[in-house]
Each structure stands twice: as C-alpha cells, then as structure tokens.
Amino acid sequence: MKSFCIRSMPGVLLGVSALFLAACGGGGGGGGDSDPPVQMPPPDPGATGVSGKITAPNGETPIAGVTVYYTGSAQGQSPPVPRALGMQSQQGCAPPADSNALWACTDQYGYFVLEFDSLDPVPETLPIHFIKGKWSGQANVGALGEYAGVMPFSSDPDAGAPRIAVITGSFDQIENVLVRLGMTSNPAQGQSLTTTAAPAQETARHFHRHDHSAVQPRMGLLEDDPDIDFCDPPDNAPPWWPPELPWPPPPEFCLVQPPPEWLGSETFDLYIGSRQYADEGENYPGMEELFELVDGQPRLLNYDILYVNCDAPEPEHANWEQDVTQFVNQGGLLYVTDLSSAWVAEPFYAYVGPDYTTFGGVDTGDRVQVVDTVLRNWMRAMPCRNGNACVDGNGRFSLTGYGDDVLEPYDPAVVPLVTEVSGNRVLTLRFPHGDSAGQVFFSTFHTADQSYGGSGRTAEERMLEYLFYAD
C-alpha cells in the first residue's frame, strides 16, 4: 500500500491518498496471528477478602496497574497477602498516599484482591478507592468473600476522570477511541462505534512516500491549495495531480467530514486542528484557543491530558513550545502521533528528534515488537480483530496501516514501548518531564480511519487505550 506526499505549489506540501483511504498514516494491526487472547476467570477472594475488576468507563476494557485501596475500619491492619494474579497483589502500581491503607494492584486482566484478614465488625459497605495516573474512582462493596464485579472509572471529570483536550487531525481519530472507552454521556454511542471492513477492491490503496530529506515536514492538507475545492472538485485534474490516481477524487478527499453520531455527547473537549466536522462540528473551537490566556495562563494548563492527532498543524502562537513544555512540566500528559511529531520534537528537543539516519517510516505488513513487558502482557490478554490476541506469544503484531514520522531518542530517560522487530528504531515511546509526573508519549502509527479495520479493535487502537491510563 503506497502513497505520495507531493508538492503542487512552492512551499505547499500536499498529502494525497487514493480511493477510500486517508493518506500517510493510520491503520490497525490484525493482532497476534491466530492466537486467542489469554483470559482468566475472576479471582477467588477467600473468606476475608474482596476481589473485583477495574475497567475504563465502558465497563469492558480492563485497566492494569491500578492502585486499589481501603482506608476505613481496616486502618492499622497488616497489608494484604500477595496472590498470584499476574502482577501479584502489590506489584505493578504505586502505594496509596495513606500508608495505613490496605491496598493492592490490578493485573493485566484488571483484577485485584484486597485481603482484609480480620475485620470485626464488618461494615455494611466497604468503600473501595482506585486510582491510576490522572484517573480516580470509588465503589462500595457489600460483603467480604465475594467477587464484587466490574468497577469502572467514571467518564465525568467531576467524578474522577481527567480533563482531556483533543486536537483533530486529518489521519488519526483518537476521539473515536475515547468514545469507545466510554468517554461519552451516552454509552450507546461507544458501543455502536465499530471499524468497517477494508475494501476488497484492487483500487482501494494508499499511496505514500516517506520523506526524510532536509526536514521531516508536516503532511500538508489537501485544502492548502486555494485553487482546488476537494469537496466540489472541478472536471479536470490540476497539472500536479499524479497520473496514477483517479480524478475526480473520492469523497474522502474532502477534509470537511460529516459529523460522527457521537458528536456532542463526548466528555472531553474537542478542538479543531486539521480534520473538520460539518454542521454542529462547526461550533467547536479552533486549536489556537488552547494558547489563549484565561485568568493569566494559557487555557491548555487547565487540562490533564492533551492528545494531538496525526497531521494537526503547528500552533501559530509565538510561545506555543513554552506553553506545551509548561503543561507537561506541571504534570500534564501529552500524546502525539506521526505527522504531528513537531509537537514533541520542538518543545522537547533534548529528549528526541527526527530520525534522519534511515529512510522511511513503517509500512503495511511490517511486524513490530512490543518491548514493554506490562503493555505486552495486557495486549496478550486483549482481543483484537477477528477475536485474536492483539500480540502473538513473542509480543509482535503486523501493521495493516503505516506511519511516516519516526523520532530518535537522545536522552536515556526515553522509554521504548514498541520497536521494529530488529530493534533498530523506536516506533512508540514515552519519557517523563518535570517534577510533577508529567509524561510525553509519541507513536509513529496510530488509529485506523473510517475505511480501515475489521471486526473489533486494531492492535494500534488497543495500545492507545492502554496508554491513556498511563502514570
């Protein structure tokens, strides 16, 4: 599957894609070949314990590494007995702030066991707290010796969910992933979101060219050419149009997309970058508003998480790099994909930079290696397309899409999450910045656009689901 990134006018870089598919990025992995996901039944809490499962707001996606604790009548008692639950009871998460609390960690299946030892008298309800990164929640358990069931994080920022800002991009739609995770006031919207099958026609192809010349430029938008309206194209193709591509172009070339059904129900804030949503989507603010001052500081600093979809433009604000750095320095989580790599490489140039040593990004069919153990175990337990595990037994999966921008780590603080199978290049990474648990995440590949995918999630989408609950 190939695409071109071509110039039609001096200084204007145009991204061109072929029939039915958005260009220069995206696509999901098919999972771990034919391996079924590794599943486990709920753990037995014993007569004096409580077990449960912590999930995303959708009540389905398990969250690993969550700190689950009880600070009520059990204060001063001995800590819970470790149990063999993949990560073990107190392995894989941070202890709670209250040193007297009974606590445990969730494993890759989202399960936990809190061992109360002796609790006399037993309260009618046991308030259980759970926290990971920017997420926190609470649930009441009725009795000891039972599996308490699913305990989802809330989607409401007033009830423990983080404040999330998403900047739209031409070739990435993390907003769909968030809605599937339950970040919506209408859970039915998340349940109805499914990726569609890739077209089987021979003409359904991407065309792209990895460009690592003097700089790694942002993929320009098709609408950057003021003479061409791709929503209402002229009869004749412009002279710079590649002869191997059809004219007129398919509807996907119109970057003003029909609004998704969930629009207006999301519990995160959407800012328009490069992907436009028509009708009610026209009421959403532009991304530049994140850098406008509110009570003396950039609006961006009011958020906990910022996600910059692939091919979002660089801000026009003069001090945007400093604002982004300050956001992470005060504890914010920054997520960036592919052609928006400048959002990471420019503010955090001491950590990473464009990879100029090799030619190209990653292509359809490339095998990639999940090198982070906890992420690999979690993806091994998760179903992806066609019900397969998201990674095989070696922690690998195949890309059905591709990505262009690759960042090279400069600082030893950079943690590789996914690499090429050879290990030569890092494709997904994270690094801390500042003293307040701020983190930066970057991935060369990302979500599947509307024309990609099959039944179920793609491996890339599952990876991003996991990272949203990072700490």
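This is a predicted model, so every value here is computed, not measured.
A heavy-atom distance below 4.5 Å is found between the side chains of Leu301 and Gln330. Residues Met382 and Pro62 have side chains in contact (heavy-atom distance under 4.5 Å, counting atoms from C-beta outward). In this structure, Glu289 and Arg299 have side chains that are in contact, with non-hydrogen atoms separated by less than 4.5 Å. Between Val50 and Glu146, every side-chain heavy-atom pair lies at or beyond the 4.5 Å cut-off. Between Val374 and Asn377 the shortest side-chain heavy-atom distance does not fall below 4.5 Å. Between Leu427 and Phe445 the shortest side-chain heavy-atom distance falls below 4.5 Å.
Side-chain atoms of Asp269 and Tyr284 include no donor-acceptor pair closer than 3.5 Å. Thr55 and Thr61 form no side-chain donor-acceptor contact under 3.5 Å, judged by distance and modelled atom types alone. A side-chain N or O of Asn176 and one of Trp262 form a donor-acceptor pair less than 3.5 Å apart. Counted by atom type alone, Ser170 and Arg275 present zero donor-acceptor pairs between their side chains at under 3.5 Å. Using a 3.5 Å distance cut-off with no hydrogens or angles, the side chains of Asn424 and Ser422 do pair a donor with an acceptor. Counted by atom type alone, Ser443 and Thr337 present zero donor-acceptor pairs between their side chains at under 3.5 Å. Side-chain N/O atoms of Gln297 and Asn302 include a donor and acceptor closer than 3.5 Å. There is a side-chain donor-acceptor pair under 3.5 Å between Glu115 and Thr48. Checking Glu175 against Asn309 by side-chain atom types alone, a donor-acceptor pair falls below 3.5 Å. A donor-acceptor contact closer than 3.5 angstrom links the side chains of Ser341 and Asp405. Side chains of Thr125 and Asn140: no donor on one and acceptor on the other come within 3.5 Å.
Contact detail for Gln369 and Asn394: the closest heavy-atom pair is NE2-O, 2.6 Å.
When the shell of 6.0 Å around OH of Tyr410 is examined, it contains more than 12 heavy atoms from other residues, nucleotides or ligands. Around the CD atom of Glu316, the shell of radius 6.0 Å holds no more than 12 heavy atoms that belong to other residues, nucleotides or ligands.
Ion pairing of Arg180 with Glu461 is present here, as a side-chain N (NZ or NE/NH1/NH2) and a carboxylate O approach within less than 4.0 Å. Asp35 and Arg380 are joined by a salt bridge, as a carboxylate oxygen and a charged side-chain nitrogen come within less than 4.0 angstrom of each other. The existence of a salt bridge linking Glu465 and Arg457 is confirmed by a sub-4.0 Å separation between a basic side-chain nitrogen and an acidic carboxylate oxygen. Of the charged side-chain nitrogens involved, none lies within less than 4.0 Å of a carboxylate oxygen, so that Asp158 and Arg163 do not count as a salt-bridged pair.
From Asn329, atom CG reaches atom CD of Gln322 across 12.5 Å, with rounding to the nearest 0.5 Å. Note that CG of Leu144 and CG of Leu126 are 5.5 Å apart. Values are rounded to the nearest 0.5 Å. We find the OG1-CG distance between Thr458 and Leu464 to be 8.0 Å, quoted to the nearest 0.5 Å. Distance check, rounded to the nearest 0.5 Å: OG1 of Thr444 to CZ of Phe442 gives 4.5 Å. Note that CG of Asp172 is 8.0 Å distant from CG of Asp338, once rounded to the nearest 0.5 Å. Atoms CG and CG, on Asp372 and Leu467 in that order, are 8.5 Å from each other to the nearest 0.5 Å.
Of the possible donor and acceptor atoms, none in the side chain of Ser340 sits under 3.5 Å from a partner among the backbone N and O of Trp343. Thr106 places no side-chain N or O within donor-acceptor distance of the main-chain N or O of Ile54, the cut-off being under 3.5 Å. When atom types are taken as modelled, the side chain of Tyr466 and the backbone of Ala64 share no donor-acceptor pair closer than 3.5 angstrom. Judged by distance alone, the side chain of Asp107 and the main-chain N or O of Tyr109 form a donor-acceptor pair under 3.5 Å. Although no hydrogens or angles enter the test, the distance criterion places no donor-acceptor pair under 3.5 Å between the side chain of Arg376 and the main chain of Val391. The backbone N or O of Gly273 lies less than 3.5 Å from a partner atom in the side chain of Thr168, making a donor-acceptor pair. Between the side chain of Asp304 and the main chain of Gly332, no donor-acceptor pair closer than 3.5 Å is present. A donor-acceptor pair under 3.5 Å is formed between the side chain of Asp366 and the backbone N or O of Asp363. No donor-acceptor pair under 3.5 Å is formed between the side chain of Gln326 and the backbone N or O of Val324. One N or O on the side chain of Gln39 and one on the backbone of Ala381 form a donor-acceptor pair closer than 3.5 Å.
A distance of 6.0 Å or more separates the ring centres of Phe112 and Phe130. The six-membered or imidazole ring of Phe468 lies near that of Tyr335, with a centre-to-centre distance under 6.0 Å. Ring to ring, Tyr70 and His129 are not that close: their centroids are 6.0 angstrom or more apart.
Exactly one residue among Leu407, Asp411, Leu429, Val344 makes a side chain to side chain contact (heavy atoms under 4.5 Å, CB included) with Tyr351. That residue is Asp411.
For the pair Lys53 and Phe153, the NZ or CZ position fails the cation-pi test of under 6.0 Å to the six-membered ring centre and within 45 degrees of the ring normal.
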